[in-house]
Amino acid sequence: MLRLFDTLTKKKQKLLTREDGKVSIYVCGPTVYDYSHLGHARVYVVFDTVVRYLRSTGREVRYVRNFTDVDDKIIARAQERGMDPMALAREFIEAFAEDMDRLNVSRADVEPLVSEHVPEIVEVIERIQEAGLAYESDGTVFFSVRGHEAYGKLSGRNLDDLRSGARVEVDSSKRDPLDFALWKAAKPGEPCWPSPWGEGRPGWHIECSAMSTKYLGVDFDIHGGGMDLIFPHHENEIAQSEAAFGTAFARYWMHNGFVNLNAEKMSKSTGNFFTLRELFAKVEPEAIRLFLLSVQYRHPINFTVEDHGEEGARFPDLEEAQVRTDYFYETLCKLEELLAPMKPPGEGDVLPELLAARQSFSEAMDDDFNTAAALAPTGELFRLANRLMEEPTFAPKKLRRRTLWRLRHELTAVGDVLGLWQEPAADYLSRRLEVAARCRGVDPAWVEERIAARAAARAARDFSTADAIRQELAERGVELMDSAQTTRWRFA
RNA sequence: GGCGGCAUAGCCAAGUGGUAAGGCAGAGGUCUGCAAAACCUCCAUUCAUCGGUUCGAAUCCGAUUGCCGCCUCCA
């Protein structure tokens with residue numbers, strides 16, 4: 001039975017969806033004014049994994065994730081760069097898609113843009129006005145927070161505490177400092193659309209109410225996003241949507257924890273961040289995905305950066321995930337090579353360790369998508385594969401064969417859920433080698449030539465020459481791995 | 001000031017009442033001409049501290065200490 005932690009009730013709840021076997025999910029997407037960083041990646045990797053897991057259990061999922069392409073920050077950035085805000089947004093939507101592709105984040109089923117949903121947004125605002133919870137002032141429309149009784153239920157706040165803590169400069173046209181804009185009157189040179197209140201553009205929160213309900217209905221199943229969106233963004237979404245539609249909005253709320261850098265919140269406003277592109281230059285994107293999945297999604301995740309002078313920044317946590325990713329692919333590659341010439345085995349039992357690990361994986365995922373816990377049985381599947389390959393006497397021949405065949409199948413299934421090992425293992429490994437060779441200025445052809453020379457020496461039982469070649473290669477960081485048939489190599 | 005979270009081995013980390021998963025590092029071993037890889041074994045009588053509840057607590061309650069987040073754009 002799948003259970004998930006619901007921010008609204010602050011408890012793990014059984015997932016009881018609106019329609020049996022179907023899940024509708026909306027996740028707040030990025031505001032596209034700059035490149036994404038690791039914190040953004042976490043949200044989309046987490047919810048991608050949620051969707052992947054739900055689908056793997058046979059549920060039909062409809063996943064909507066928007067792009068905020070109309071926003072103060074986009075306008076400000078475009079003005080700095082002297083370009084059109086909509087063009088700037090398009091540029092970063094593309095960059096976002098590229099970054100997510102590299103992290104194996106699948107596209108959402110619907111990826112709506114604010115700029116293409118202004119009429120729907122206007123309609124929702126009109127409904128709120130009809131409900132008496134919105135007021136206009138000089139072409140700007142505000143939501144009247146105090147008119148909505150349940151305001152604060154998601155974030156556990158009460159209005160008076162908020163008021164005393166408000167540090168924001170009060171907009172004099174608001175009736176109450178807590179009120180927020182549904183529609184903003186246009187300033188010269190800004191993107192704008194016609195509306196009953198004159199030319200203007202949507203406020204930030206209203207877009208999600210309009211687009212989620214358009215594609216999923218009002219009482220859709222799961223609404224997700226980063227922790228920081230709980231207040232005020234999601235609180236405001238609830239207030240608006242309930243005011244506009246008169247019914248409860250979204251059944252479950254899921255929020256992921258932050259990514260910290262050297263134990264401090266990673267944030268663009270403080271400059272304390274690395275873009276994904278900077279990180280991709282240092283480690284495989286898949287290692288980053290593994291790193292993000294190695295901590296329960298609601299807990300904060302910390303990564304450290306070390307300054308290595310000329311070598312530049314290094315990220316020990318990501319490098320550890322990189323080593324693990326290499327181990328996964330090396331095992332998969334060996335498994336593939338072993339099974340490729342084999343005929344599929346017949347029906348029959350497999351080792352119970354395999355079934356137990358597979359079961360543990362599902363139980364961990366069923367418990368609030370606990371990928372960190374699920375990685376333990378995943379590691380057991382790899383260890384079992386290696387053991388069966390290296391230690392043929394570990395199991396009787398037929399059992400061994402069936403288990404290895406089944407392991408390949410299960411690892412594919414598990415990888416599809418986690419969004420890992422999506423690349424052919426041999427491709428991954430050869431690319432890793434090429435990249436490393438280029439970084440170190442070593443010519444792979446030369447390495448191959450030396451390996452051939454060593455093989456000849458070994459065949460002649462001239463071990464001192466063989467060892468000299470090993471030493472020669474080692475001085476350039478090349479590590480040799482002999483097996484019965486061939487010699488593989490890599491960088492230490 | 002208000003609200004909330006976290007504290008588990010050298011490091012990362014799972015674990016919300018039944019006697020501490022997993023990874024990295026480390027030690028020993030198997031295999032190997034040597035080595036690497038892989039595999040095997042070992043590595044927290046104990047979960048920030050102090051009290052309490054319970055037959056039983058890392059898990060529940062109270063207090064203390066330390067760290068972090070939100071209350072303003074933020075993933």
Side-chain angles (χ1 to χ4, degrees), chain A residues 7 10-12 27-31 33 36-47 71-73 76 152 155-158 160-169 178 204 224-233 235 255-260 263-270 273 290-291 294-296 298-304 316-317 319-321 323-324 326-327 330-331 334 360 364 367 370-380 382-391 394 458 461-464 466-467 470-471 474 478-484 487-490 492:
Chain A
T7 310
K10 295 174 181 59
K11 285 194 184 92
K12 281 186 191 171
V27 170
C28 291
T31 300
Y33 70 103
S36 299
H37 62 219
L38 238 203
H40 300 109
R42 188 177 195 193
V43 186
Y44 307 115
V45 164
V46 162
F47 285 101
D71 170 89
D72 292 350
K73 287 195 294 290
S155 53
R157 287 158 214 263
N158 72 65
D160 297 316
D161 292 343
L162 285 172
R163 175 126 86 174
S164 62
R167 274 179 273 158
V168 66
E169 211 176 303
L178 293 172
W204 174 36
M227 222 57 154
D228 54 332
L229 297 182
I230 295 174
F231 188 90
H233 183 57
E235 197 70 72
H255 294 94
N256 65 277
F258 276 103
V259 177
N260 295 326
E264 292 294 326
K265 178 183 170 181
M266 212 165 77
S267 154
K268 289 206 169 163
S269 48
T270 58
F273 72 98
L290 176 66
F291 170 71
S294 69
V295 176
Q296 214 281 343
R298 284 185 288 122
H299 298 178
I301 186 171
N302 185 240
F303 81 115
T304 48
D317 305 285
E319 284 171 17
E320 190 184 320
V323 167
R324 193 72 179 148
D326 290 347
Y327 164 81
E330 274 159 20
T331 304
K334 283 187 274 186
S360 300
D367 184 13
N370 193 336
T371 53
L375 284 171
T378 300
E380 280 169 37
F382 280 95
R383 191 151 44 82
L384 187 60
N386 275 310
R387 188 164 193 182
L388 283 166
M389 288 190 286
E390 303 277 329
E391 200 182 319
F394 180 60
R458 289 178 76 210
R461 301 197 68 77
D462 177 3
F463 293 121
S464 63
D467 287 350
R470 178 192 284 288
Q471 185 56 35
V478 175
E479 195 170 73
L480 301 181
M481 296 179 288
D482 293 330
S483 70
T487 296
R488 296 157 56 132
W489 61 280
R490 66 173 195 182

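All chains are named by letter (A, B, ...) in the order of the sequence lines, taking the proteins before the strands, and each is independently numbered beginning at 1. No hydrogens, no waters, no symmetry mates; every other heavy atom, side chains included, goes into these values.
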Short side-chain N/O contact from A:K265 to OP1 or OP2 of B:rA75, under 4.0 Å: no
Any A:N158 side-chain N or O less than 4.0 Å from OP1/OP2 of B:rG2: no
Residues that A:R387 engages under side-chain hydrogen bond (donor to acceptor under 3.5 Å, both in side chains), provided they are two or more places apart: A:E391
Qualifying residues under side-chain hydrogen bond (donor to acceptor under 3.5 Å, both in side chains), relative to A:E264, sequence neighbours excluded: none
Side chain to side chain contact (heavy atoms under 4.5 Å, CB included) partners of A:V43, counting only residues at least two apart: A:V27, A:F47, A:N256
Letter per nucleotide, 5' to 3', of nucleotides 30-44 of chain B [B base touched, S only sugar-phosphate touched, - untouched; heavy atoms, 4.0 Å]: ---BBBBBSSS----
Residues forming a side chain to side chain contact (heavy atoms under 4.5 Å, CB included) with A:Q296, sequence neighbours excluded: A:R298, A:H299, A:D368, A:N370
Which residues share a side-chain hydrogen bond (donor to acceptor under 3.5 Å, both in side chains) with A:D317, sequence neighbours left out: A:T304
Test log, rule side chain to side chain contact (heavy atoms under 4.5 Å, CB included), inputs A:T487 and A:W489: CA-CA 7 Å; A:T487 296; A:W489 61 280; 5.6 Å; no
First encountered from the 5' end of RNA chain B, between A:S155 and A:V259: A:S155
Filtered N/O pairs between nucleotides 9-13 of chain B and protein, under 3.5 Å:
none

Results of side-chain hydrogen bond (donor to acceptor under 3.5 Å, both in side chains) for A:T331 - residues two or more places apart only: A:N386
A:A374: side chain to side chain contact (heavy atoms under 4.5 Å, CB included) partners, not counting sequence neighbours: A:F361, A:A364, A:M365
